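Beneath this line is the structure, given in structure tokens, with notes to follow.
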Amino acid sequence: MRYFDAWLLSGLVLLCSATCHAQSIQPNTRWVNQRGSILTITSIGADGQIGGSFVNHAKKFACKDDAYPINGWTDGQKISFSVRWKIVGHDCNSITAWVGYMTGAQITTEWTLVYVADSSHAPAILRESDIFKSQ
Ligand code: BTN
């Protein structure tokens, strides 16, 4: 290998070690989505299990402004977490599950909300997306 080729290769290796490495979601991080809701990840176990809280600030939804526990998983940049919208004194009779991935300072997700609109009918399902930015 000529000197220039070796120099170029080591430059590329250095650049890639700074930018090409797989990113992983970290504990003690706060994320805000486009609806103003706040996801706080407080713990990530050795097995990737995550804990934290979610404060819903989305318009047209209930169970707002209180912290609800989250349960979920990470594996590198991939994440899933869910919220049961039930705490002492407040029950929205619904559950949301998000699945997505982190790129840089953003987590892109799709979510599914199962809720009871009318107790004489089967629960309903709503699917949309949320984008969280690191705060
Ligand atoms: C409910 O209204 O049944 C409970 C609150 C649901 C809030 C949803 S969860 C998905 C979407 N993203 C948010 O930040 N809030 C809404």
Side-chain angles (χ1 to χ4, degrees):
M1 194 183 291
R2 283 177 298 146
Y3 176 76
F4 178 74
D5 294 338
W7 178 82
L8 192 65
L9 186 64
S10 61
L12 283 174
V13 168
L14 266 178
L15 187 70
C16 201
S17 67
T19 56
C20 303
H21 67 282
Q23 309 170 78
S24 60
I25 292 165
Q26 299 295 313
N28 299 314
T29 51
R30 225 167 101 102
W31 303 83
V32 181
N33 71 13
Q34 78 283 7
R35 303 171 203 270
S37 300
I38 300 168
L39 164 69
T40 304
I41 299 171
T42 50
S43 62
I44 303 183
D47 58 357
Q49 189 157 17
I50 64 173
S53 64
F54 194 97
V55 180
N56 172 41
H57 289 307
K59 284 183 192 144
K60 298 184 185 166
F61 288 93
C63 279
K64 284 158 86 163
D65 305 328
D66 287 314
Y68 290 79
I70 65 158
N71 281 298
W73 298 95
T74 56
D75 183 7
Q77 61 190 133
K78 301 182 292 302
I79 186 169
S80 71
F81 61 95
S82 59
V83 173
R84 180 175 83 149
W85 299 104
K86 184 187 289 196
I87 54 172
V88 175
H90 211 158
D91 185 357
C92 282
N93 209 2
S94 58
I95 294 174
T96 307
W98 288 257
V99 177
Y101 58 88
M102 182 185 72
T103 45
Q106 184 168 301
I107 299 177
T108 302
T109 66
E110 295 196 346
W111 53 260
T112 304
L113 168 67
V114 57
Y115 65 100
V116 176
D118 174 348
S119 56
S120 62
H121 288 92
I125 291 178
L126 182 64
R127 290 192 182 89
E128 283 185 36
S129 56
D130 277 346
I131 291 179
F132 295 84
K133 303 227 188 257
S134 175
Q135 233 201 4

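Order of appearance sets the numbers: ligands from 1, and atoms from 1 within every ligand. Everything numeric here is computed off the predicted structure, so don't read it as measured data.
- Remark: minimum distance from atom 9 (S) of ligand 1 to any protein heavy atom is reached at Thr96 OG1, 3.3 Å.
- For the atom pair CD1 (Ile87) and OH (Tyr68), the distance works out to 4.0 Å, reported to the nearest 0.5 Å.
- For Asn33, every heavy-atom contact with ligand 1 shorter than 4.0 Å involves the side chain, none the backbone.
- Atom 15 (N) of ligand 1 has its closest protein heavy atom at Asn56 OD1, 2.9 Å.
- Under a 4.0 Å criterion applied to the non-hydrogen atoms of Asp130, ligand 1 contributes the atoms 11 (C), 12 (N), 13 (C), 14 (O).
- Partner of Ser37 under the side-chain contact (heavy atoms from CB on, under 4.5 Å) criterion, out of Val83, Asn56, Val32, Val55: Asn56 alone.
- Trp98 CH2 to Glu110 CD: the interatomic distance, rounded to the nearest 0.5 Å, is 13.5 Å.
- Near Trp98, the atoms of ligand 1 lying under 4.0 angstrom from a non-hydrogen atom of the residue are 9 (S), 10 (C).
- Between Gln49 atom CD and Ile44 atom CD1 the span is 11.0 Å, to the nearest 0.5 Å.
- Interface atoms of ligand 1 facing Ser94, defined by a heavy-atom separation under 4.0 Å, are 1 (C), 3 (O), 4 (C).
- A distance of 11.5 Å separates CD1 of Ile107 from NZ of Lys133, quoted to the nearest 0.5 Å.
- On a distance-only criterion, Trp85 and ligand 1 share no N/O pair closer than 3.5 Å.
- Using a 4.0 Å heavy-atom cutoff, Trp111 is listed among the residues neighbouring ligand 1.
- Within the 4.5 Å cutoff, the side chain of Ile25 has no heavy atoms near those of the Gln77 side chain.
- The line from OG of Ser43 to CD1 of Ile70 is 8.0 Å long, rounded to the nearest 0.5 Å.
- Scanning the protein heavy atoms around atom 2 (O) of ligand 1, the nearest turns out to be Ala62 N, 3.0 Å.
- For atom 14 (O) of ligand 1, the closest non-hydrogen atom of the protein is Ser37 OG, 2.6 Å.
- Once rounded to the nearest 0.5 Å, the distance linking OG1 of Thr40 with CZ of Phe54 reads 9.5 Å.
- Below 4.0 Å from some heavy atom of Phe54 lie the following atoms of ligand 1, by number and element: 14 (O).
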